[in-house]
**Q** 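Can you keep this structure in mind? I'll have questions shortly.
Order of the sequence lines sets the chain letters (A, B, ...), proteins ahead of strands, with each chain counted from 1.
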Amino acid sequence: MTQRVVAIVGATAVGKTELSIEAAQRLGAEIVSVDSMQIYRGMDVGTAKPDAAVLGAVPHHLVDVFDPSHDVTVAEFRDLARDAIDDIGERTVPLLVGGSGLYFRAVVDRLSIPPSSVQVRGRLESEVDTLGTESLHARLVELDPDAAAKIEPGNARRIVRALEVIEITGRRFSDNDGWDRYESVYDLVLVGLTRPRDDLYARIEARVDSMLAGGLVEETRRVAAAGMGRTARQALGYRQILDLEEAEPAAIRDAIVRATKRFARRQESWFRSDPRVAWFDISEPGGAEAAIAHLEAGGR
RNA sequence: GGCGAGGUAGCUCAGUUGGCAGAGCACGCGACUGAAAAUCGCGGUGUCGACAGUUCGAUUCUGUCCCUCGCCA
């Protein structure tokens, strides 16, 4: 019998955290955060991390696990999350909550993520600089036409990874299927939270303002001084503050808002394509209640 | 009031030696398998400030007017 797991996904600022606390209390669940940045210690205001009181009231996993100097990988995150899920399963039901689409699928889906090699990847990355992205894409066309057809010729990041996998494993990147099947390893009940765009955007602006008022700049300085890896460094807010150090506060604020809205759209696009998601508009009266009821009923 | 510089996509601007205009950003959509809060792809008809003149044809030249900014009064 497969383990039952309930989950809440949705774009940033849609209201996942608030609803998840309510749901966890109702279900007696423990929360597994599926958030690529809340996993870092010290990155609190910028990641809208639940405060100490909330973390104390409802057990949370995968929050504050690493220092920002550590670059988490998808496979590493998946292993930690699955361990947490197994552990919680001994006691109660795990409630996954988050907006990191790739991490979510890695945790929940029946996928095999091929290995990585810093040497091979480093070399390929330097080849991007010397030979150009198009040249590496041409190589991918030779080695794995199916993968090349699915990866945009300008997307150096994904081209490098595909070539890396081919080189390390000796197999084609596209042999790694399962991606389109959305097959869960758990007995999954999945709820997606939405709001009308205008509403979401207004919430994002308000949230960025309150983060800035809540000391995001100071937090960024502090965390950066202690050392940030390239993963943590690219977190929304922190990245803009670090990149635009000389800019006017208003310009930094606007840059963060824009980037966050763009991110929210990408998240929606990501989760929209997952057929397992049952969507609830929580801006509507009763929307939040319906979402929780859906989780309680086990999706039935 | 005088002089100067401008008024072109939601914003900042480019451009057309006269042939119904184009970049970045914004915005919308999509892809996404060990960096993913990343990375990349697709989507641009807008009285080219208004009116008149020249012209086969004006956003482009000429004139007048309106508006904005700067300097001088």
Side-chain angles (χ1 to χ4, degrees), chain A residues 11-13 33-40 43 46-49 68 70-80 98-118 120-122 124-125 128 133-134 136-137 144 146-147 149-162 164-166 168-169 171-183 197-198 201 204 207-208 211 216 220 228-242 251 254-274:
Chain A
T12 185
S33 162
V34 186
D35 187 300
S36 65
M37 297 299 166
Q38 288 186 0
I39 197 168
Y40 289 119
M43 293 172 67
T47 63
K49 198 178 286 176
H70 175 76
D71 289 321
V72 183
T73 70
V74 177
E76 183 178 23
F77 190 96
R78 174 252 272 142
D79 293 342
L80 288 170
S100 299
L102 176 60
Y103 283 16
F104 182 79
R105 291 209 63 187
V107 171
V108 156
D109 288 1
R110 208 173 291 285
L111 296 172
S112 61
I113 300 173
S116 179
S117 155
V118 287
V120 173
R121 185 178 295 189
L124 289 167
E125 280 168 348
V128 168
T133 306
E134 310 72 30
L136 291 219
H137 188 263
D144 188 347
D146 292 336
K150 292 180 68 176
I151 298 176
E152 306 85 354
N155 198 334
R157 187 89 163 246
R158 294 183 59 210
I159 293 167
V160 165
R161 164 99 268 242
E164 177 195 11
V165 170
I166 291 167
I168 299 172
T169 65
R171 307 182 56 199
R172 307 195 320 157
F173 187 64
S174 56
D175 285 346
N176 207 351
D177 64 348
W179 186 253
D180 296 327
R181 287 205 297 275
Y182 291 96
E183 205 173 85
R197 272 290 159 76
D198 291 351
Y201 285 179
I204 286 172
R207 175 188 268 190
V208 170
M211 283 177 174
L216 179 57
T220 301
M228 289 176 101
R230 61 179 176 179
T231 303
R233 221 212 87 112
Q234 66 197 11
L236 291 170
Y238 304 88
R239 176 186 188 171
Q240 284 75 23
I241 290 169
L242 259 18
D254 289 345
I256 297 173
V257 167
R258 277 199 305 273
T260 305
K261 288 179 181 174
R262 206 183 313 127
F263 172 54
R265 271 180 251 131
R266 266 182 283 129
Q267 288 178 298
E268 290 188 337
S269 160
W270 179 284
F271 291 117
R272 254 196 298 256
S273 61
D274 190 328

**Q** Under 4.0 Å: is that the gap between some side-chain N or O of A:T260 and OP1 or OP2 of B:A37?
**A**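 No, because none of the side-chain N or O atoms of A:T260 sits under 4.0 Å from OP1 or OP2 of B:A37.
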**Q** Any side-chain heavy atom of A:V128 within less than 4.5 Å of one from A:I159?
**A**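 Contact flag for A:V128/A:I159 side chains = no.
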**Q** Hey, does A:T12 reach any base, or is it just sugar-phosphate, or nothing, if we go heavy atoms under 4.0 Å?
**A**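 No contact.
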**Q** Can you tell me, in whole Å, how much space there is between the C1' of B:A14 and that of B:G44?
**A** 15 Å
**Q** Sugar-phosphate means primed atoms, P, OP1 and OP2; the rest is base. With that split, encode nucleotides 38-43 of chain B 5' to 3' as B, S or - using protein heavy atoms under 4.0 Å.
**A** BBBS--
**Q** Considering non-hydrogen atoms only, spot the tightest contact between A:A259 and A:L236 and give its length.
**A** CB-CD2, 3.6 Å
**Q** In this structure, are over 12 heavy atoms from other groups packed under 6.0 Å from A:R197 atom CZ?
**A**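 It does: A:R197 CZ has more than 12 such atoms within range.
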**Q** Suppose we call a contact any N or O donor and acceptor under 3.5 Å apart; does that hold for the side chain of A:R258 and the base of B:A26?
**A**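 Not at all, since no donor on one side and acceptor on the other fall under 3.5 Å apart.
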**Q** Assign A:G46 to base, sugar-phosphate, or nothing according to its heavy-atom contacts below 4.0 angstrom with the strands shown.
**A**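 It contacts base atoms.
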**Q** What's the CD-C1' distance between A:E268 and B:G30, to the nearest Å?
**A** 13 Å
**Q** For A:K49 versus A:Y40, what's the shortest heavy-atom pair and its separation?
**A**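 Taking every non-hydrogen atom into account, NZ-O, 2.7 Å.
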**Q** Angle between ring planes, A:Y103 versus A:F77, binned at 30° and 60°: parallel, tilted or perpendicular?
**A**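 Tilted, since the angle between the ring planes falls between 30° and 60°.
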**Q** To the nearest angstrom, how far is A:R105 atom CZ from B:A36 atom P?
**A** 17 Å
**Q** Work out how far the C1' atom of B:U12 is from that of B:A26, and round it to whole angstrom.
**A** 11 Å
**Q** Round to the nearest Å and state the distance from A:R121 atom CZ to B:A35 atom C1'.
**A** 7 Å
**Q** Would you say B:A26 has OP1 or OP2 under 4.0 Å from some side-chain N or O of A:R262?
**A**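 So the side-chain polar atoms of A:R262 do come within 4.0 Å of the phosphate oxygens OP1 or OP2 of B:A26, strictly under.
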**Q** Less than 4.0 angstrom between a side-chain N/O of A:S36 and OP1 or OP2 of B:A36, yes or no?
**A**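 The answer is no; no side-chain N or O of A:S36 sits under 4.0 Å from OP1 or OP2.
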**Q** Contact between A:K150 and A:S174 at the side-chain level, heavy atoms closer than 4.5 Å - yes or no?
**A**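 A:K150 vs A:S174: side chains apart.
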**Q** What is the minimum heavy-atom distance between A:R172 and A:D146, and which atoms define it?
**A**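 Heavy-atom minimum between the residues: NH2-OD2, 2.9 Å.
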**Q** Is the positively charged end of A:R105 above the ring of A:W179, judged by distance under 6.0 angstrom from the centroid and angle within 45° of the axis?
**A**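 Yes; both conditions hold, so A:R105 lies above the ring face of A:W179.
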**Q** For B:G28, take OP1 and OP2 only and decide whether either is under 4.0 Å from a side-chain N or O of A:Y201.
**A** yes
**Q** What's the gap between B:U59 and B:U8 when it is taken at their C1' atoms, as a whole Å value?
**A** 8 Å
**Q** Please examine the side chains of A:F173 and A:R158, heavy atoms only from C-beta on, and report whether any two atoms are closer than 4.5 Å.
**A** no
**Q** Could you tell me whether the phosphate oxygens of B:A31, OP1 or OP2, come under 4.0 Å of any side-chain nitrogen or oxygen in A:S269?
**A**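 It does, given that an N or O in the side chain of A:S269 lies less than 4.0 Å from OP1 or OP2 of B:A31.
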**Q** Which is it for A:R157 and A:E152 under the salt bridge (Lys or Arg N to Asp or Glu O under 4.0 Å) test, yes or no, and what are the steps along the way?
**A** CA-CA 10 Å; A:R157 187 89 163 246; A:E152 306 85 354; over 6 Å; no
**Q** RNA chain B: stems of at least 3 consecutive Watson-Crick or G-U pairs, cut-off 3.5 Å?
**A** B:1-7 with B:66-72, B:10-13 with B:22-25, B:27-31 with B:39-43, B:49-53 with B:61-65
**Q** Would you mind reading off the distance between A:Q267 atom CD and B:G30 atom P, rounded to a whole angstrom?
**A**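 Spelled out: CD on A:Q267 to P on B:G30 is 14 Å.
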**Q** Nearest whole Å is fine: how far is B:A36 P from A:D35 CG?
**A**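 One finds 11 Å between P of B:A36 and CG of A:D35, rounded.
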**Q** Roughly how many Å is it from NZ in A:K150 to C1' in B:G30, rounded to a whole number?
**A** 13 Å
**Q** Ignoring the backbone of A:R197, work out which of B:G28, B:G34, B:A37 is nearest its side chain.
**A**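 Among B:G28, B:G34, B:A37, the one nearest the side chain of A:R197 is B:G28.
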